[in-house]
Amino acid sequence: PMAGTKTTDTVAMAVGQKTLDPLYMAMSLLRRRNYKDTVTLCTQMLDRDAYDRAAWFIKARALTESVACDETELEDEGMAEAMFDDNVAAEAPRPGTSFTRPLTTAGANQAMRPMSKAGRPVSGFVRPGTQATRPMTMDKALKTGRSGTAARPLTNAMGRNLRLGTASMLSDSSATTFINPARIDIAKYAARPALGKALFRYLLHVSNDTLMALDLAAAASEQSEYTDWWWKAMIGVCHYRLGMFQDAKKQLESSFETQPMVFTALLLGKVHIRLDQPLSALEGYTTALTHFPDDTTLMSAIARVHEGVGNLEESVKAYRAVLRADATDPEAIASLAADHFYSDHPETALLLYRRLLQMGVTAPELFNNLALSCYYAQQYDMALGCFERAVQQADDDETLADVWYNVSHVGISLGDIRFAVQCLKLAVTCNPAHAEAFTNLGALEHRQGNSAQARAHYTAAVKHGEQLYEPHYNLAILAEDDGDTEACYRAASAAAELFPEHKGAQKLLGRLKALFSMA
């Protein structure tokens with residue numbers, strides 16, 4: 001009898017699996033992020049009953065989630081936005097109050113920590129905007145070297161959403177025929193919040209019809225008597241996409257007053273950052289932290305703003321607060337590791353990078369940073385092994401160029417100049433716009449007495465690395481040796497402008513001014 005009972009239960013389970021409710025299966029697939037199978041199953045259900053609201057809702061959710069992007073994340077500014085931005089609060093802002101005028105004496109020594117093209121110290125965690133520059137003249141913008149990962153897009157930020165939507169429509173033909181925006185009754189969906197929210201996100205992310213989505217959000221907000229914070233926030237998102245930043249700011253502030261939410265606070269901070277108002281963004285994040293203490297996303301946003309304006313001390317404090325709340329935050333760990341490395345504490349940086357490795361991060365950049373930390377911590381055997389892993393895992397030419405550039409430092413420290421030159425030539429072969437490699441090639445050629453080749457390398461470094469002061473100073477030294485005082489003065493002035501605290505450039509300018517006064 002016991003065996004018979006067991007057999008009966010097994011058969012019953014098998015029958016149950018065969019007759020599983022398709023709607024429940026679609027919900028399960030959606031929850032497991034299997035969007036393609038979810039769309040297929042919901043399409044079959046809608047073929048049988050075109051008025052099945054549940055299947056329509058799940059299919060709209062699946063199509064949206066497959067292409068949706070996080071609206072709270074920042075995006076790189078296009079060159080047109082940077083040049084024709086009419087939202088600047090002040091023409092000459094004080095250092096630290098604008099992303100275009102970062103602090104220069106807030107714990108960042110350019111001689112120890114390299115600077116990005118935006119004039120800020122190199123970040124330990126790559127995010128949108130950390131590698132882009134904000135040129136002040138159209139001529140400078142058009143002449144700026146463009147590469148695969150650091151190039152400034154010609155279009156504005158909305159192009160990302162358009163490209164995502166186009167790709168989703170090509171990969172799934174049902175996305176183009178599922179909902180026809182021209183036949184939508186906005187009033188009907190505004191009266192049904194669940195269906196209305198699904199339709200709004202579909203219009204925003206899949207159809208990329210921002211105007212239709214804005215009309216739906218406005219009608220739904222009016223239907224709710226302006227008490228629903230989500231609809232107010234979505235109106236702000238639509239205004240942001242349309243470039244109406246002041247209107248977006250008003251809607252998001254109203255939404256936060258109705259119901260304080262982390263999502264709304266991050267969106268409001270994004271608007272302030274786009275308006276180049278970092279102090280207002282910090283104030284908004286701090287206010288949100290009073291409602292949501294120890295929220296790591298808000299604390300990370302505060303750290304990013306401090307880092308963006310060059311206030312590294314406050315940025316490090318914020319990242320440490322993030323780690324106290326969440327000891328596995330990769331952005332905080334990487335940023336603190338970079339700060340310790342450039343503060344001449346490679347042993348502490350090595351511990352933090354090893355922590356990332358233990359968490360499962362295996363990027364070539366991590367092995368490159370591990371190798372540098374091991375090398376400066378005098379663990380040479382581990383450094384070479386990490387460099388080998390970084391070279392093997394590098395999946396693009398620019399990353400490979402950075403790795404070979406760092407390997408060259410090992411050769412320079414060992415006195416093997418020939419090996420260092422080979423590594424630097426490999427770096428410029430992989431990335432012809434690697435300004436740091438050109439600078440070091442010029443320095444090695446200058447040391448060997450090859451003035452003509454050194455000048456050519458320095459000139460290439462100046463062309464590709466407008467943020468570097470070293471090639472300008474080295475060109476000034478070459479010009480002084482050749483007796484060309486005019487070229488020496490121009491190059492030394494450029495170096496002093498990029499790095500005012502550089503003692504060598506100041507002394508050289510002092511000698512030149514004394515010489516000119518005697519003449």
Side-chain angles (χ1 to χ4, degrees), residues 76-80 82-83 110 113-155 338 363-365 368-369 372 387 390-391 393-409 411-412 420-446 450 452-476 478 491 494-495 497-499:
D76 287 324
E77 290 184 5
M79 189 168 66
M83 295 307 306
Q110 192 171 349
R113 185 165 186 168
M115 309 295 284
S116 67
K117 291 185 178 182
R120 297 187 290 269
V122 171
S123 173
F125 195 87
V126 177
R127 298 181 300 274
T130 57
Q131 292 184 327
T133 179
R134 190 183 178 93
M136 291 295 104
T137 64
M138 179 61 73
D139 181 67
K140 185 178 179 181
L142 295 176
K143 290 182 179 180
T144 300
R146 297 169 60 82
S147 57
T149 59
R152 177 176 293 278
L154 291 174
T155 57
E365 293 83 0
N368 178 72
N369 294 343
L372 289 174
F387 274 132
V391 171
Q393 294 190 9
D395 53 357
D396 61 87
D397 290 339
E398 294 201 358
T399 302
L400 190 59
D402 290 336
V403 175
W404 283 119
Y405 168 75
N406 290 321
V407 173
S408 69
H409 287 76
I412 294 173
V421 170
Q422 289 177 345
C423 292
L424 290 172
K425 288 184 177 179
L426 285 173
V428 297
T429 300
C430 296
N431 181 12
H434 202 291
E436 293 84 355
F438 278 115
T439 302
N440 287 4
L441 272 174
L444 294 178
E445 294 292 347
H446 191 184
N450 301 324
Q453 295 183 13
R455 182 176 289 103
H457 290 314
Y458 291 148
T459 304
V462 170
K463 177 182 178 182
H464 297 298
E466 57 185 14
Q467 79 280 7
L468 300 178
Y469 72 92
E470 295 92 344
H472 291 283
Y473 178 71
N474 294 342
L475 279 173
L478 270 180
E497 182 181 358
L498 290 170
F499 186 15

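- Between Asp402 and Thr399, every side-chain heavy-atom pair lies at or beyond the 4.5 Å cut-off.
- Atom-to-atom distance recorded for Asn431:CG and Asp397:CG is 8.0 Å, nearest 0.5 angstrom.
- In terms of heavy-atom proximity, Leu468 sits nearest to His472 at O-CD2, 3.3 Å.
- Atom CD of Gln467 is separated from atom CG of Leu498 by 8.5 Å, given to the nearest 0.5 angstrom.
- In plain terms, the two heavy atoms of Ala363 and Gln393 that are nearest each other are C-OE1, 4.1 Å.
- With rounding to the nearest 0.5 angstrom, the CZ atom of Phe387 is 9.0 Å from the NE2 atom of His409.
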List, one per line, each side-chain donor-acceptor pair under 3.5 Å for residues 453-460, sequence neighbours excluded.
unit_1, atom_1, unit_2, atom_2, d
Arg455, NH2, Asp482, OD2, 2.3
Tyr458, OH, Gly442, O, 3.2
Tyr458, OH, Ala443, N, 3.2
Thr459, OG1, Arg455, O, 2.7

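- The shortest non-hydrogen separation linking Asn450 to Glu445 is ND2-OE1, 2.7 Å.
- Using a 4.5 Å cut-off on side-chain heavy atoms (C-beta onward), Tyr405 and Asn440 make contact.
- For the pair Ala427 and Ala437, the tightest heavy-atom approach, listed with the atom from each and the gap, is CB-CB, 4.0 Å.
- Counting all heavy atoms, side chain and backbone alike, Glu470 lies closest to Thr439 at CB-CG2, 3.9 Å.
- To the nearest 0.5 Å, atom CD of residue Gln422 and atom OG1 of residue Thr429 are 11.5 Å apart.
- Here NZ of Lys425 is found 13.0 Å from OG of Ser408. Values are rounded to the nearest 0.5 Å.
- A pairwise comparison of heavy atoms in Cys430 and Trp404 identifies SG-CD1, 4.4 Å as the closest pair.
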